[in-house]
Every structure is written in C-alpha cells, then in structure tokens.
Participant: 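Submitted below is the structure of interest, expressed as structure tokens.
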Number of protein chains: 2
Amino acid sequence: MRDAYVVGAGMIDFGELYDQSFDDLLEAAYLNLLEDVDKGVEPSDIDAGWYGTIDFANEGSSGASVAHATGLFEKPITRVENACATGSDAFRNASLAVRAGEVDLALVIGAEKMLDDTAGLIQGAAVERLWRGRGVTMPAFFGMRATRHMEVYGTTKAQIAEVSVKNHENGTKYPHAHQQFECTVEDVQDSPTVSYPLNLYDCCPVTDGACAVLLAGEDVAHEYTDEPVRHAGWGLSSDTFQRGDDLALSNFPASRHASSRAYERSGYGPDDVDVAEVHDCFSITELITYEDLGFCGDGEGGEFIESGAPRLDGHTPVNPSGGLLSKGHPIGATGVAQIAEIYEQLRDEAGDVQVDDPEVGLQHNIGIGRNATGAVSCVNVFDRG
Amino acid sequence: MRDAYVVGAGMIDFGELYDQSFDDLLEAAYLNLLEDVDKGVEPSDIDAGWYGTIDFANEGSSGASVAHATGLFEKPITRVENACATGSDAFRNASLAVRAGEVDLALVIGAEKMLDDTAGLIQGAAVERLWRGRGVTMPAFFGMRATRHMEVYGTTKAQIAEVSVKNHENGTKYPHAHQQFECTVEDVQDSPTVSYPLNLYDCCPVTDGACAVLLAGEDVAHEYTDEPVRHAGWGLSSDTFQRGDDLALSNFPASRHASSRAYERSGYGPDDVDVAEVHDCFSITELITYEDLGFCGDGEGGEFIESGAPRLDGHTPVNPSGGLLSKGHPIGATGVAQIAEIYEQLRDEAGDVQVDDPEVGLQHNIGIGRNATGAVSCVNVFDRG
C-alpha cells in the first residue's frame, strides 16, 4: 500500500450565494483548485472523483453532476453522503482508492446550497420523525448536550461563548469566511436565545459553499508540488442512535472512537497535533471536542478555552479558519474546506491565520443521525510527509 | 495491491413491503448475509461498511443508519449514492478499500423504500426541472431512446418486448423476484401504453428491497468460504447531461466506456462473459446494453434477443434473476442484488436459474442524471478467482 498526498486545494468564498447555482459552485471550486496546484495539472490527469453533498434540494446529486460542472466526462465519480461528515468521508474514500493503487490522482469536491430550499429539509430530515414532530431541532439537541456538560462538569455559559469569540476573531482574518465580525462574550450572551443555553452567536450560520482538493499517490505527488501534505491516518465511527446507551451524554463517543483510530493509524497522538480544524456547528460542540480529541481531559474543555490553548498563538490552535461558526457550514463542503485549510497550514501558506510552523494537522467532523447528535464522526490526520 | 473477493450474499424477497421499515429491510438483508457465509462470520470481524441508497424518503440516510439496524457500532460506514448505479458503486468503493489493505472484511448493503413517498420524488428529482415541468418522465426518456433505436436500426416493438418475455420467464424461477408471471410478446404489446413505444410490461415495477454482500481481502477470504468469487475489474463512467453531444442517441456511451474499462482491468472481453446481470429498467435498456457491452454489434440487439442468446440456455445468459423487469428495482439494492446473483451463479448455487458452469460474470447498471438517460454507468466483472 502506498501513501496518499494532498497536492492542491481550491476554496471559494463561503456565504449567501443565491446568485450561483449548484453547478456554479462546483465549477468555481474546481477552477480554483486547478489554479492552486504548484506545478499545474491537466484535467486529463485526474483519474477519478469523489463528491460530497447532502443535496436535499435535489439539484446536484450523483457523480455525473461533477462531470457536468467540470467537464470531467468518462471519469468515475462517486457521490458520498455521511451527514455532517460528508466532505471528510468523501476525502477518506478517495484516499483509499489512491492507496489501493487504482487511482493516481483523485479529485475530492464538496458543495452545498443551504439557502435555497435545503436547510429546512436537512433540519427536518436529520431529526427522526418522532422528534421533529415535537419541535426538537438541532440547536435543541446540542443545547441539551450543553446543559448536561454544565451540570456534570460545571462548565459555564461564558466558557462556551469563548469558543465563538475565538472563532469569530479568527474568521475576520480568513478571507473565505461567511460571517466576519468580532464579538465579545457579552455579545454572544446578549444575542437572542436559540435554545438554552445556546444563543444566536453560539450557532453556525446557514451558508452556501464549495471546496475541492486533489489527492495523489506518493509516487506521483511530486509531479504536482514539492510540498505535498500526507494523509497520515483516518478514523470513521458510526454510533448508536439510542442516546440511552451513552452513559455520560456529555461527550461524543463517535469522536472519541474515530480519533483514537486516526491516532492509531497515523502513529500520532493528541500532543502531536499542531493545528486542528474541528466541527463547531455550535460553540459547545468544539468545547466538547477538545476533550474527545484528547487535547484536554474530560470536563476540562471550559478551562482549555479559557487558558487560550486553542487560540492562534496557543499550544493547540483550533479552527484558525474561523470554524463553522464564522466560516459557515455548507455541509458537503465543510470537511473538504477543513482539509484545504490544514493543507495550507502545513505548507505555511495560511496567511493571517497561519500558526507557528505546524508539522501535524487534524481535521474532524461530527454528524447528527435521526435523533442522535454525534451518530457519525470522521477524523483525518495529516503531516508534511 | 491485493484482490478482493465476495464471500457471502444476503437477499430478501423484493416486493411491496409496506409493512417493513427501512431498518427492517437493512436488518433482514444483513441477517441473511450472516446466515449465508459458508464458514460463518462474526459481526466483530466486519471492519467497515458501504451503504447504497437514494433514500429520498429521508428515512435511512447516512452510514449510522446501517449501524443502527445491524448493531455494527463504531464501524466506519459510508453512504454512497450514484443514481441507479448506487449499489454497484457502493460495492466498488468497498472493493477499493479492501484492495488498499486498510479493510479486511467489508459489508456492502443496499436498500430502498420505493413505495412510501419515494418514487414520485425520485422521478421528479432525477429529471431536471426544465424537463420535469413539461411532463418528461423516465419512461418518456427511455421511450425516445427506443424510437431512435427503431429508426436507426430497424428494431421492432416485438423484439423489444422479447426482453420482457425472457426476464419475466426467468423471474418465475427466481424466488426473490417481485413480479412473478410469464407473459408473451402479445401480452406485452397488449398492456397499456406508458410512453410509446414502451408498454406497461416494458417497464420495471416500483419495488422495495434490500441486499447485502460481504467482501474480503484475498489473504482472509478462505476463512469465510472455500469458493470465494473474485472482483476481477470495474469501470465507472460519468457522462454528459447534454444529450446533443451523443451523436447516435441510440446507445449509452457511459455503458460503453465503463465496460471497456472493466474489461481492461479484468483482462476479460465480452466473449468471456458466461453470465450477466444488466440494467433493464425498461426492456429497451437491456436491448441497447447487449450492444454497449459488446455481446453483439451495434444495431444487432434486436437480432440478439430473437436468437435466444441471452436466454438461460443461450450463449450469453442475461438477467437469469429476472432482471429489474421481474425482480424489481429498489435503487440502492439493485446493483448489490445483481452482484449477489453473480456470486451465486459462479458458485453454481443459483437453483432454477443456474446457467451452465459459468466462470466469468458481469454486473451492469446505468443511471439517469437530470435530463440524461445514461449519465452514469458502473460495470463490475467477477470470476472464480
């Protein structure tokens, strides 16, 4: 088995992209990717594609949509969907194909139109009918996690808000972020309550976007760049929908399992991670994720954010790109965009959000399934190869 | 790179399964699979899963649904969607992971609830808005293909109907088929017109179903069976949505490209194929597919069916299971069920539809994308290893 390397990344500005079709988003990310590859790439060199999208709007589903938008006809292109881990799992499948040696150069592209007629459907569909009929929405589910974490560990609303403050500050420095404004803990707490204890600024916005990365086998990676970034390991875990099986209800077992496998496969541990892009659909999600990824101990997430450790200049910078809270969360694109940012970071090309000389990067998603926050988690670990 | 082998298959009876939930279908196929493995298998041995479903009903999407229905918690499970090639592409992705050496034993499971609130949505979603607003349905698209084939090659309605006669005859001998009745060419032509020249019996039924197969790396396959079936090669092609680029309009370029790659990868050609399960969503689709797969020359599909070559006792038996026309077409399950049938055939365990001592089998799907019949095709080739 050979290794797989990221050799290029193409982001678009996330935002309210009413004036762009699904095809427009795919095309823009793809063209930006072609531009980004250091030594250039011919479309004919691309052997296969993996396409991540939830696509509840039924506009761009199936692999042929990517062929249509990019001109990559006759290429094998698979659509992957795995809740909020859609983009990262599309990447994982592409990497496996490259590792198998059957594909030398693979396109991974994720896109989502969230603002047309999608978001309400996703909201409704991801929550099982039993629950959605009773008004239990995504913020409600994550709000319950937050109250549990507060009850069990003494975490405070102010600590939870600190996550949003950090990520919005980072987002103002990241050119592709959707909601670029700074805010204070007081601003977060003064924003309208969405579902106690989560206020508006504790929630990620509803955002359109797309992102593409290119993966190459180790024997060809240097044809495209002298600084490829190695996909060092992965973990993907599917958890029960029955939350009663989760004794703590304060953490995400799927994140714990996925990250432990990714650490095992990569040979790295949490202390080795120099930069991370993690799933902060709500501020509480990132705080819990510090613990699940082993950046701090159980119940120490509140202290971890207070200590400044996950800030740009901290010990373990988390979400330099502004995270989902500032950058936005166009589901199929989210994981791919996180990987694009890790690629830039490990190449020291992350501009105003560059962290200090990172050697190992981690990307993390967690997804909801029916009535369970955290039914799926995907973690990918990268290094400089 | 190592080879991947099918080591078990679990079918359920396809039909109108109003009394079974999505989870019920998944569970039943999974349990049948566990029962089917010659030397037995422990669920804990299964390293990962790939799940094929369109799931427009939003009941069972994302990998965690399979974990929920099977108890395979903490396993990495990916949902794949690729129009009507969903099941076969899920299989392809599992095979790539096994070949990469990162997964020793992979579950592939496909399921679809077509009869609740899905079919209308699929119908509408797969056809681009421009067209669906004008009443252009799937039978209309395939009907236009049929009239073109008749015009260009002189194919007759009776020849097209012969495909349905053959497959319904096979279906009466296949225990899991949905619509088990024999019919004559006259019966087909006397059934109501759906979209000229396609009559009701030229169209596959709307069917619920599920199917699962198990894939193993070559170094472990014999732990599960002494007669594993090798995945010898694959092709997946994504074609343009712009049918104007297809000069003939009488065949499916995606099928031609996918099968040529599958032949190339496997080292086999059309003359080597001893049994095939191909995509007969409409009778005309199978007739065209004879040509696209190289079983006969261009324009010779009508003569090929008339000659009896694709019958159970013919030179190249096609759709011994009754095909989609008789067995049914629960989209995510369809390709997996075709592979299950090839597995049985190559092990000489196909009961009343067993063909004579086959050594090489082929499985084929073609899928619609927006306004294009045939925007995706997946072909998998198998042998006795």
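Below, chain A is the first sequence line, B the second, and so on; all start at residue 1. Note that the structure is a prediction, hence the values are computed from the model and not measured.
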Participant: Where does A:Asp89 contact chain B at under 4.5 Å (heavy atoms): side chain, backbone, both or neither?
Facilitator: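 Interface part for A:Asp89: side chain.
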Participant: When only pairs under 4.5 Å are counted, which of B:Arg261, B:Lys75, B:His257, B:Arg2 shares the most heavy-atom pairs with chain A?
Facilitator: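 Highest number of pairs under 4.5 Å: B:His257.
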Participant: Answer yes or no: is there a donor N or O on one side and an acceptor on the other, between the side chain of A:Glu81 and the main chain of B:Ser62, under 3.5 Å?
Facilitator: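 Indeed, once roles are kept as given, a pair shorter than 3.5 Å links the two residues.
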Participant: Relative to chain B, which of A:Val98, A:Ile77, A:Val80 shows the most heavy atom pairs under 4.5 Å?
Facilitator: A:Ile77
Participant: A:Ser238, A:Ser377, A:Gly101: which one forms the most heavy-atom pairs within less than 4.5 Å of chain B?
Facilitator: A:Ser238
Participant: Output the distance between atom CZ (B:Arg79) and atom CD1 (A:Ile54), rounded to the nearest 0.5 Å.
Facilitator: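 Answer rounded to 0.5 Å: 8.0 Å.
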Participant: Measuring from B:Asn93:CG to A:Asn93:CG, what's the distance to the nearest 0.5 Å?
Facilitator: 4.5 Å
Participant: Under the side-chain contact (heavy atoms from CB on, under 4.5 Å) criterion, do B:Glu102 and A:Leu96 qualify, and how do the steps go?
Facilitator: CA-CA 8 Å; B:Glu102 299 213 19; A:Leu96 288 169; 3.7 Å; yes
Participant: Can you give me the closest heavy-atom contact between A:Ala64 and B:Ala375, atom names plus distance?
Facilitator: CB-O, 3.5 Å
Participant: What option among A:Asn82, A:Thr86, A:Val103 has the most heavy-atom pairs under 4.5 Å with chain B?
Facilitator: A:Asn82
Participant: Please check if any side-chain donor atom of A:Thr78 sits under 3.5 Å from a side-chain acceptor atom of B:Arg92, or the reverse.
Facilitator: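 Yes - a donor-acceptor pair under 3.5 Å links their side chains.
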Participant: Using heavy-atom distances under 4.5 Å, tell me whether A:Arg265 contacts chain B through its side chain, its backbone, both, or neither.
Facilitator: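 Contact with chain B is through the side chain of A:Arg265 alone.
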Participant: Given side chains that start at C-beta, do those of A:Ser237 and B:Phe73 come closer than 4.5 Å, heavy atoms only?
Facilitator: no
